[in-house]
Amino acid sequence: MHRVWKHILIITPLFVLVAFMGFIIFYPVPRPPVGEMVSARSVISMASKKNAGIYSEALFNESKNCYDSAMTYWKRENEKGIYSRNYKKVSEFASLAANKASEASNDAEKNTSYLKIAIQEKITALKKTDEGLNRRFSKYPMSTEMKNNISRGEILLTEAEMDWGIGEYARAQAKITEVEKILVPSYEYADANLRSYFRSYPQWKKWADSTIAESRINQDYSIIVDKFSRKVFVYLNGELQLTYSAELGKNWVGDKRVKGDKATPEGMYKISKKFLSDSTRYYKALLLNYPNEEDTAIFDALIEKGSLPRSAVIGGMIEIHGNGGKGSDWTAGCIAVTDREMDSLFKIVKVGTPVTIIGSMYDLKHVQIR
Amino acid sequence: MKNKILLGLAAIAMVAVLASCGKKPQVEIDATNAAIAAAQTAEANVYLPAEFAALQDSMSAINAKITEVDGKLFKNYKEVVADLASTKTLAETVTANAAVKKDEVKKEAEGLLNNIKAVVAENAKLLPKLPRGKEGAAVIEQIKGDLTAVDATVAEAQSLFDKGTYMDALNKIKAATDKANSLNAEIKEVLTKARIKF
């Protein structure tokens, strides 16, 4: 009996050991989803290369969070006994990470190509706006602040274009937004101002037609100064004979109101005096009869209304003179032409020759096309 | 009998030893992480973004491999150690290359900044030579906005350069250079028209 027990005592542990070994060898050990993790990483990496972190930030971050969660669950399962592990959650999160990264990748691709086109369109549109500002308003009186803003906008636009060129669409977009805030309001302000100015066009046309008719009737010379195009048109017998370039007062938009406002007046005038070189600082000059009766009446009305102080002076000494050709509006309100043009003009006009100064010979639509 | 029991115990002990023989290569992990952090400090993410992203991918894969080995009964970190070593070497190379690239960008930005400063200085020198009187004042008035904008952009670029953000500084300088040059040409044209020597 004693011997039997002895055998049982030996065989039982051996049996248990063999059974244990068999269990270890043959029981299916739960395997971690290594392949799924590799795949998730690969998709996340691809999404990252497509800049999903920038162009599909939320989805990309979600995918990374899912991957991190998968890793956390994996580590947590590793702490458990080898046979009691369950990698289901790891697998789920890995697959979720891969799906979200794939979505982020597609999203980023779409957003990138959309941004690429959208920004290019905006750059083109803003360049047109800037071109319009330079073409139509380069000589338009604007505040210093607005001029500074336009210049800043132009530099920023170049920066945005450079960013766009190297594929930095998000950065380009941020700059474009800033440029839009600067250039568009400047353009709109100038445009609205110009439209308001051109409301006087019917009056200008009437004056111009009347001046040309006067030239035809009198069989003589008449002059029309077109402030917007900065041209001096010389008519003879109602036909355009000569065209000169003109430079005006700095604040040439609108009528002259008061002495020292650096505005070029608008109205129908006549040459009241001719000055040779010895009588003027500006080579030769043709003095106009500014202010005429209408100018004085308007000035008085403005004083009466309180729009101008009682101490205001109407001003005068508006001339067509030489020393022009500087490329800017530099006079105090006069019209400057080159000395050569002044010579030819001086020869053909006389005291009494009509000089009509208007905002534009052409209506706004025509001006905008030009 | 006694021997058989001892043999059994020895076998169990061997299994236990084998199961715990692979130690996590913490020193190598820390060294590789430090090398990657050094690459980031060297702004590899700015100057060599693709290479830096590859480094991060590589480390992420190693972390997964470590977790995989951690979960095994018989741990063997040999492959992990090898991967860590190659990633560390790669990180060091990326750090060095980023420094070279950063230096290149710095030199380019510095050169352009000096060029634009020279143009800005020339513009400032030419301004007083513009025709005196109201006509000169009118020209100055016309280009004042541009001058202010260029000055502001150069100042911004200088500030970015001083902060060490050379790439951003470079873009700003390039954008302002065109404007500064066109202003220079404009001023010179006015001076030439007015027959003033410059």
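Naming: A, B, ... by sequence-line order, numbering from 1 per chain. All values reported here derive from a predicted model rather than from experimental measurement.
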Test: B:Lys163 and B:Asp168 ion pair at under 4.0 Å: no
So which residue, B:Leu147, B:Val150, B:Thr153, B:Asn63, ends up with the most heavy-atom pairs under 4.5 Å with chain A? B:Thr153
Are B:Asp146 and B:Lys179 within salt-bridge range, i.e. N to O under 4.0 Å? yes
Taking side chain as everything from C-beta outward and backbone as N, CA, C, O, which of these in A:Ile155 sits under 4.5 Å from a heavy atom of chain B? Side chain, backbone, both or neither. both
Quiz item: cation-pi between A:Arg171 and A:Trp164, 6.0 Å / 45°: no
Counting heavy-atom pairs under 4.5 Å to chain B, which of A:Met71, A:Glu247, A:Glu159 comes out on top? A:Glu159
Between B:Glu92 and B:Lys88, is the closest basic N to carboxylate O distance under 4.0 Å? yes
Looking at chain A, which one of B:Ala50, B:Ala64, B:Ala53 has the largest number of heavy-atom pairs inside 4.5 Å, strictly under? B:Ala64
Which bit of B:Lys174 comes within less than 4.5 Å of chain A, counting heavy atoms only: side chain, backbone, both or neither? both
Do you see a donor-acceptor pair shorter than 3.5 Å between the side chains of A:Asp163 and B:Asn171? yes
Under 4.5 Å heavy-atom distance to chain B, tell me which part of A:Tyr67 shows up: side chain, backbone, both or neither. side chain
Would you check if the side chain of A:Arg152 reaches a backbone N or O of B:Ala149 as a donor-acceptor pair within less than 3.5 Å? no
Checking A:Met162 against chain B: side chain, backbone, both or neither under 4.5 Å from a heavy atom? side chain
Side chain, backbone, both or neither of B:Ala61 within contact of chain A (heavy atoms, under 4.5 Å): both
Side chain, backbone, both or neither: which part of A:Glu154 has an atom under 4.5 Å from a heavy atom of chain B? side chain
Could you check which of B:Ser60, B:Pro49, B:Ala54 has the highest count of heavy-atom pairs closer than 4.5 Å to chain A? B:Ser60
Should B:Lys101 and B:Glu43 count as an ion pair when the cut-off is N to O under 4.0 Å? no
